Amino acid sequence: MSGSGMSRSGMNGSGGMSLRRTTATARRVLEQLRHDPRTIALMLVVPCVLISLLKWVFDASPHVFQSIGAALLGIFPFIVMFLVTSVGMLRERTSGTLERLLTMPLAKGDLLGGYALAFGTVALVQALLVSALTIGPLGLSVAGPAWAVVLVAVLDALLGTALGLFTSAFARTEFQAVQFLPAFVLPQFLLCGLFTPRDRMQTVLRWVSDVMPLSYAVDAMDKITSRSAVSGGLIADMAIIAGAGVLALALGAVTLRRRTE
């Protein structure tokens with residue numbers, strides 16, 4: 001690729017977004033995933049195994065599973081997609097694939113949008129599988145519509161994807177990318193309201209919790225399990241999760257580097 005005939009915007013990887021280039025990127029990512037059965041298993045099977053294990057752990061106390069099962073439906077996909085995408089994007093950079101892609105007329109937005117579209121497709125399948133398992137054979141009772149459970153799980157998975165793409169810019173090795181898991185995910189896991197209601201936390205912790213998007217994922221799941229109607233509060237929670245994902249993608253486009261130095 002000499003690049004002599006390429007446009008300046010393409011060479012810089014900063015031209016306007018194109019639906020055709022974004023979908024082409026998504027197809028490439030999905031094709032790569034198709035040849036990686038271990039990653040497919042991590043994304044589709046592991047959340048199902050974890051939620052089943054949780055059910056069996058609390059088999060003698062079904063009310064515990066009923067109280068935290070829905071929240072974990074949103075947390076497990078978030079964690080898995082964060083891990084997969086942060087390591088996946090880092091591999092693109094360290095292998096030189098990202099640098100080669102950005103010498104073509106491909107904007108950063110096309111690249112990140114393609115990743116989000118591809119992993120969003122996988123997230124939809126993941127959410128359908130784990131939601132069907134949890135509400136069906138595992139017996140989790142939800143008062144609200146099942147589609148809302150799936151939608152929140154997909155939004156959580158997309159949020160994990162976006163944050164994974166963003167944080168990958170700060171890692172030089174796969175080990176460092178994995179190290180971001182406790183830095184970015186565990187604080188949200190502890191403060192999201194899973195272990196104690198957020199309104200009972202110390203004031204400072206509640207303030208911190210209020211700016212963490214995973215808190216709204218747990219709030220949304222709690223509303224779905226306890227109320228039959230789709231409330232304005234539930235829609236607001238979904239909008240915050242989606243907005244946080246879009247913000248993370250935008251930050252990822254700003255910080256995206258062609259290669260690891």
Side-chain angles (χ1 to χ4, degrees), residues 12-14 17 21-36 38-44 46-47 75-104 106-123 126 154-189 211-214 217 241-261:
N12 292 334
S14 57
M17 285 188 66
R21 293 193 295 261
T22 300
T23 53
T25 302
R27 284 197 299 272
R28 181 183 67 82
V29 174
L30 287 172
E31 185 65 21
Q32 288 179 332
L33 288 175
R34 191 170 69 86
H35 296 289
D36 189 352
R38 286 176 296 185
T39 301
I40 291 290
L42 178 64
M43 290 189 289
L44 300 184
V46 168
I75 293 174
F76 287 156
F78 171 85
I79 295 174
V80 169
M81 299 306 279
F82 176 92
L83 183 61
V84 169
T85 52
S86 59
V87 173
M89 178 56 76
L90 183 67
R91 284 181 178 174
E92 295 273 43
R93 199 164 60 241
T94 55
S95 67
T97 303
L98 183 60
E99 186 174 14
R100 291 195 296 273
L101 287 172
L102 291 180
T103 59
M104 297 185 289
L106 182 72
K108 292 179 178 179
D110 294 326
L111 183 72
L112 294 179
Y115 260 80
L117 185 59
F119 283 103
T121 303
V122 178
Q126 179 193 70
V154 170
L155 289 174
D156 293 343
L158 286 173
L159 175 63
T161 298
L163 284 175
L165 293 173
F166 169 56
T167 58
S168 70
F170 304 102
R172 293 176 182 271
T173 65
E174 292 184 16
F175 180 65
Q176 289 180 352
V178 174
Q179 286 179 318
F180 284 129
L181 186 68
F184 278 82
V185 175
L186 284 189
Q188 297 195 62
F189 183 73
V211 299
M212 292 182 167
L214 203 57
I241 300 167
V246 172
L247 177 61
L249 278 180
L251 292 174
V254 172
T255 58
L256 182 65
R257 291 178 289 121
R258 298 184 181 199
R259 63 183 177 182
T260 298
E261 301 297 337

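Since this is a predicted model, take the numbers as computed values, not measurements. Numbering starts at 1 and runs along the sequence shown.
Within the 4.5 Å cutoff, no side-chain heavy atoms of Asp156 are placed close to those of Ile75.
Taking OG1 of Thr167 as the start and CG of Leu251 as the end, the distance is 11.5 Å to the nearest 0.5 Å. Distance check, rounded to the nearest 0.5 Å: CG of Leu214 to CD of Gln188 gives 5.0 Å. To the nearest 0.5 Å, atom CD1 of residue Ile79 and atom CG of residue Leu181 are 6.5 Å apart. Of the inter-residue distances, the one linking Leu117 atom CG with Thr25 atom OG1 reads 9.5 Å to the nearest 0.5 angstrom. With rounding to the nearest 0.5 Å, the separation of CZ in Phe180 from CZ in Phe166 is 9.5 Å.
Scanning both residues, Leu112 and Gly252, for their nearest heavy atoms gives CD1-C, 3.4 Å. Nearest heavy atom pair, residue Gly245 against residue Ala162, reads O-CB, 3.4 Å. Of all the heavy atoms in Ala242 and Leu155, the pair that sits closest is CB-CD2, 4.2 Å. Nearest heavy-atom pair, Leu249 versus Ala116, reported as atom, atom and distance to 0.1 Å: CD1-CB, 4.1 Å. Residue Pro47 comes nearest to Val80 through the heavy atom pair CG-CG2, 4.1 Å, listed as atom of the first residue, atom of the second, then distance. Residues Leu30 and Ala118 come closest through the heavy atom pair CD2-O, 3.6 Å.
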Cut-off 3.5 Å, no hydrogens considered: what does the side-chain donor-acceptor table look like for residues 83-90, sequence neighbours left out?
unit_1, atom_1, unit_2, atom_2, d
Thr85, OG1, Met81, O, 2.6
Thr85, OG1, Phe82, O, 3.4
Thr85, OG1, Thr161, O, 3.4
Ser86, OG, Phe82, O, 2.9
Ser86, OG, Leu83, O, 3.1

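Judged as a salt bridge (Lys or Arg N to Asp or Glu O under 4.0 Å), and not counting sequence neighbours, the contacts of Arg34 are Glu31. The salt bridge (Lys or Arg N to Asp or Glu O under 4.0 Å) test applied to Arg27 returns no partner, not counting sequence neighbours.
In this structure a side-chain-to-backbone donor-acceptor pair under 3.5 Å is present from Gln126 to Met43.
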Legend entry - Chi angles and distances behind the side-chain contact (heavy atoms from CB on, under 4.5 Å) call for Tyr115, Arg28: CA-CA 9 Å; Tyr115 260 80; Arg28 181 183 67 82; 4.1 Å; yes

